[in-house]
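Below is one structure, written out as structure tokens; comments come after it.
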Amino acid sequence: MNHPAARLALAIADQLASPAALGDMLTAQPWRAQSLSLGAPAVALLHIELAASGLRPWQRAHDWLRCATSGEITSGFDSHLFHGAPAIAHTLSCAAVVRPGAYERVLTRLNETVTADARRRVEIAHARIDARRPARLAEFDIIRGLTGVGSHLLRHDPDGRTIRTVLEYLVRLTEPVTADGELLPGWWTPDGPSGRAEQRMPGGHANAGLAHGVAGPLALLSLAALEGVVVDNQRDAIGRIVGWYDRIRAHTATGHTIWPYWASRSELRTGPARLPEQQRPSWCYGTAGVARALQLAARATGDPGRALQAETALVHALTDPRQRDAISDPALCHGYAGIAHVATRIAADAAPASTARLGTLVAKLLDAVLPSDSTPDARAASLLHSGAGPGLLDGAAGVALACLAASGMTPRSGWDTCLLITAATNARGEDA
């Protein structure tokens, strides 16, 4: 824990020792109490992880968990992995890894709710496919859709029927569809990346990101296969998605692989309109998230050559000044800390040469999280008082968790299973 980034994580945790640290934020914005993305569950995860390592008291984690569960918890179609019942269930599951049997009653009730909601959402998704209507990102993505919920089901009940219904739906999602006489990927959406119709993308787009695009389903299908949770045609579905990434793959001016964030209809026909060399290689969009999904797919299908291709793509992204310069903040979702954590997970499963190079690059990313002219306490205060706040994806708790993991403290609670970058066995303590 001598790495400066790890000391920053401890400083963030200490400045968030109790819910009182947020002042009137939770009363003014009570929805933050159940928002993994922006509020209390994220801070609870940070304290759970630190308590698991004996670095801070469990009471802090308990206080934040009590805050997260103190009000009515949202369920149904207004809930998803980062808000409401699935978000709280994920957080309590992490607590239960560290404290077996703790919070069992409320966790059982939440898991029943999440399971029932997932079944209803799968039924509606199949009805949509039967009616030959196009998909929406919120139907299948990690943040709001069935892939995110599926990640919790894979962890909570890998032998259950519901995770298999989610996987069966994702297999069907990968089957091509025809629109206006043109063959399109099954995850094609008529909207833009914002989830609304956009003039720059007439006819919609196919999203390639991990957070909102088909890399999320690819990661879940692959992680499930690695766990031995398999449904009919799962391997074929993985192959269809991987083949699509081959189709949209571009190359930088130096000849290295790069994937666009998304593809419009014209780009599907002719290839990317331009080389996206200025894009961030992030978890949410870009090379880090896509490379991890492709590496997991390669492991699930026994393709070491493709795994090496994915690892090498990330190495080049992190050594390309144009891509590095596109990173502008420390956030887990799209900044230095999150990229460092994804790179650490990739390195753990990589070929030895890739592991060594990624280790050096992770150290440089962590150096950027805590600039040399700042102290951990000052940097923590700056992060907490920025507009991003205390949450997981953009906020201080996410930065802290990613810094801990990337600086050598492998997650013990499985908190990062919600990012679809690690196997559920890690979360059950079997491979921690």
Side-chain angles (χ1 to χ4, degrees), residues 1-19 21 35-69 81-82 87-100 102-103 107 151-152 155 283 330-333 337-338 340-342 344-345 348 362 366 369-370 376 380 383-384 390-393 395-432:
M1 293 300 296
N2 290 326
H3 196 287
R7 294 198 294 273
L8 170 62
L10 292 175
I12 291 171
D14 289 342
Q15 293 185 31
L16 289 170
S18 76
S35 173
L36 178 58
S37 175
L38 297 169
V43 187
L45 286 179
L46 174 57
H47 288 295
I48 289 166
E49 196 61 39
L50 290 172
S53 299
L55 295 172
R56 290 297 185 269
W58 180 261
Q59 186 62 44
R60 292 184 178 182
H62 178 75
D63 290 345
W64 280 99
L65 289 168
R66 185 168 55 188
C67 172
T69 57
L81 182 58
F82 288 86
I88 304 298
H90 171 71
T91 307
L92 289 173
S93 293
C94 292
V97 171
V98 181
R99 292 286 181 98
Y103 314 105
L107 183 54
S151 76
H152 177 70
R155 174 181 183 172
W283 168 77
L332 171 62
C333 183
H341 180 36
V342 178
T344 299
R345 284 297 193 188
V362 165
L366 291 178
V369 177
L370 181 61
L383 290 171
L384 285 168
L392 184 71
L393 293 182
V399 172
L401 283 162
C403 283
L404 289 172
S407 58
M409 199 174 103
T410 301
R412 298 191 179 192
S413 67
W415 68 266
D416 60 341
T417 56
C418 68
L419 303 177
L420 275 294
I421 60 171
T422 189
T425 47
N426 290 347
R428 295 197 292 272
E430 297 168 22
D431 191 31

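Numbers for residues simply follow the sequence, beginning at 1.
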Go through the structure and list residues passing side-chain contact (heavy atoms from CB on, under 4.5 Å) with Ala68, not counting sequence neighbours.
Ala40, Pro41, Ile88
Provide the closest heavy-atom pair for [X] versus [Y] in the form atom of the first, atom of the second, distance.
X      : Y      : value
His90  : Gly414 : CE1-O, 3.9 Å
Ala102 : Ala96  : O-CB, 4.3 Å
Leu8   : Pro376 : CD1-O, 3.5 Å
Leu65  : Ala95  : CD1-CB, 3.8 Å
Cys403 : Val369 : SG-CG1, 3.7 Å
Pro411 : Glu49  : CA-OE2, 3.2 Å

Can you list the residues that meet the salt bridge (charged side-chain N to carboxylate O under 4.0 Å, His left out) rule with Arg99, with sequence neighbours excluded?
none
What distance do [X] atom [atom1] and [Y] atom [atom2] have between them, rounded to the nearest 0.5 Å?
X      : Y      : atom1 : atom2 : result
His341 : Leu419 : NE2   : CG    : 6.0 Å
Leu393 : Cys418 : CG    : SG    : 7.5 Å
Leu420 : Trp283 : CG    : CH2   : 8.0 Å
Arg7   : Leu370 : CZ    : CG    : 8.0 Å
Leu45  : Thr91  : CG    : OG1   : 4.5 Å
Leu404 : Ile12  : CG    : CD1   : 8.5 Å

Within the 4.5 Å heavy-atom criterion, are [X] and [Y] side-chain neighbours or not?
X      : Y      : answer
Arg66  : Tyr103 : no
Leu55  : Met409 : yes
Leu332 : Val399 : no
Pro19  : Trp64  : yes

Tell me whether Arg56 contacts the main-chain N or O of Ala61 through its side chain, where contact means a donor paired with an acceptor under 3.5 Å.
no
For Arg412 and Ala52, indicate whether the former's side chain and the latter's backbone hold a donor-acceptor pair under 3.5 Å.
yes
Residue pair Gln15, Leu383: steps toward the side chain to side chain contact (heavy atoms under 4.5 Å, CB included) verdict
CA-CA 11 Å; Gln15 293 185 31; Leu383 290 171; over 6 Å; no
Applying side chain to side chain contact (heavy atoms under 4.5 Å, CB included) to Leu46 and Leu392, what does each step give before you reach the verdict?
CA-CA 9 Å; Leu46 174 57; Leu392 184 71; over 6 Å; no
Under the criterion ring-ring contact (aromatic ring centres under 6.0 Å, His included), I'd like the reasoning laid out for His47 against Trp415: C-alpha separation, chi angles, the key distance, then a yes or no.
CA-CA 11 Å; His47 288 295; Trp415 68 266; over 10 Å; no
Between Arg60 and Asp14, is there a salt bridge with N-O shorter than 4.0 Å?
yes
